[in-house]
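Have a look at the structure below before the remarks.
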Amino acid sequence: FPAEYFYPLSPFEFWGKMNFLKAGIHFSDVITTVSERYAEEIQSGEEFGFGLQGVLNARRVDLVGILNGIDVKIWNPRTDRNIAARYDAETLELTGVCTGALLEEVGLPRQPDQPLFGMISRLAEQKGLDLIEGAAERLFALPARWVILGNGAKRYEELLQGLAKRHPERVAFRKGFNEPLAHRIEAGSDFFLMPSRYEPCGLNQMMSMRYGTVPVVRSTGGLADTVEAYAPGAEGATGIVFSPYTSEALLEAMVTAIRLYGEPRAMGRVRKNGMARDFSWQASARKYLQLYRQANASRRMGSGFNQWLQTVEEAGRKGA
C-alpha cells in the first residue's frame, strides 16, 4: 500500500504494527458477530474488544449480532444413538434411564434425591474455571453430583483431578474430549453449568435445552441472549442465570438449581420450555440471508474504502 494510506489517518496501523482485522472492520459493508449481546460487549471495553472496541464502536450502525445455531439432526434426543434411552418433551421420564446409565459409566452412585450437574468445557479461565476453583470446597459440599468432561490448562486439569479424588462419590472428571460421552452428559444431567467470563455465543446451553437439561449460566454474550432466567413463578424460564463474575454468585446459582430440582412441577416446566426453543441453523440462516440482501440492495460494496480514501485526499489537499 502506498504511504498515503497510512498518514494522517490509517485503518491499517495498530500500535505501530499492521492489523488486518482492523482494516477488515473498517472497510466492510456489514460486520457480524455471533450474538446480539456480544455485539454490544465488544464495543464496550478492553476486556471484550481487545483494543479494537473504538473501531467497532465507530461502525456500530453496521455491526450486527446473529446467534449461531446447532445441528438439530445430530443433537436430537428422539433419534440420538449415543444415549441409553431416546425421548422427547412428552416422555421426559425416560431421561432417568440416561441418568442411571451415565452414573454407572462414570462410577458415581445413584442418589435420586440429588441433582446431577454436567459440564463439557475447554478448561480455561474464560470458561469460569477460576470461579469453580474459588468456591470448590463449598461447591462440592452441596447435595449434588458432577460429571465434568474437558481438557486445557494444566492448573484446572489438576484441580478437577484433585476434586474427583477427594470427592469420589460426588465428582467424576474425564480428561479430553469424547463426543459420544458429551451426548450422554447432555441427556443424563439434570443441569448443565456454563459460568463463562465471556461467551460470544455458546452452543452447549442450546444443546442442553434441546435435551431437557436446565442450563446454569452467567449473563454474558450468547448465554444472556438464549437463556431466560428462572425465578419462582416465572412461566417462560429456560434456565438459571447469574450475573456478577464471582464465586459467591456461582454458588448462589447452584443453590437455586438444587432448590428447583426439589420442585418437580417447576423443574418440568423449565425443561419443557427449553425443549420448545428453536436453535436450528434455519433460524440463523434466514437472518443472514436478509442481511446479505440488504447489503446488496444498498450497493455499498467497497464504499467504506472509498469514503476513507476521500477523507485522506481531502486531508492531503488541506496540508494535514
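No donor-acceptor pair under 3.5 Å is formed between the side chain of Asn68 and the backbone N or O of Val34. Here the side chain of Tyr211 pairs a donor or acceptor atom with the backbone of Asn76 at under 3.5 angstrom. No donor-acceptor pair under 3.5 Å is formed between the side chain of Tyr245 and the backbone N or O of Pro195. With hydrogens and angles ignored, the 3.5 Å screen pairs a side-chain donor or acceptor of Glu157 with a backbone N or O of Gly152. Under the 3.5 Å distance criterion, the side-chain polar atoms of Asp190 are matched with a main-chain donor or acceptor of Leu116. Although no hydrogens or angles enter the test, the distance criterion places a donor-acceptor pair under 3.5 Å between the side chain of Asn273 and the main chain of Ala237. Looking only at distances, a side-chain donor or acceptor of Asp225 sits under 3.5 Å from a matching main-chain atom of Glu36. For the pair Glu13 (side chain) and Trp15 (backbone), a donor-acceptor distance under 3.5 Å is present.
In the hydrophobic cluster analysis, where Ile, Leu, Val, Met, Phe, Trp and Tyr join through side-chain heavy atoms closer than 4.5 angstrom, Met209 is grouped together with Val241.
Between Arg218 and Tyr198, the closest side-chain pair of non-hydrogen atoms is not below 4.5 Å. Inter-residue side-chain proximity for Leu193 and Ile132 is flagged as met; some heavy-atom pair is nearer than 4.5 Å. Counting only heavy atoms from C-beta outward, the side chains of Gln111 and Glu169 never approach each other to under 4.5 Å. Annotation: side chain of Pro77 is in contact with side chain of Met275 (closest heavy-atom distance under 4.5 Å). The shortest side-chain heavy-atom distance between Leu139 and Phe117 does not fall under the 4.5 Å cut-off. A heavy-atom distance below 4.5 Å is not found between the side chains of Arg259 and Pro232.
The existence of a salt bridge linking Lys127 and Glu199 is confirmed by a sub-4.0 Å separation between a basic side-chain nitrogen and an acidic carboxylate oxygen.
Sorted by first and then second residue, the pairs that involve residues 262-276 and meet salt bridge (Lys or Arg N to Asp or Glu O under 4.0 Å), not counting sequence neighbours, are Glu235-Arg269. Every pair passing salt bridge (Lys or Arg N to Asp or Glu O under 4.0 Å) that includes a residue from residues 246-255 is listed here, sequence neighbours excluded: Arg138-Glu248.
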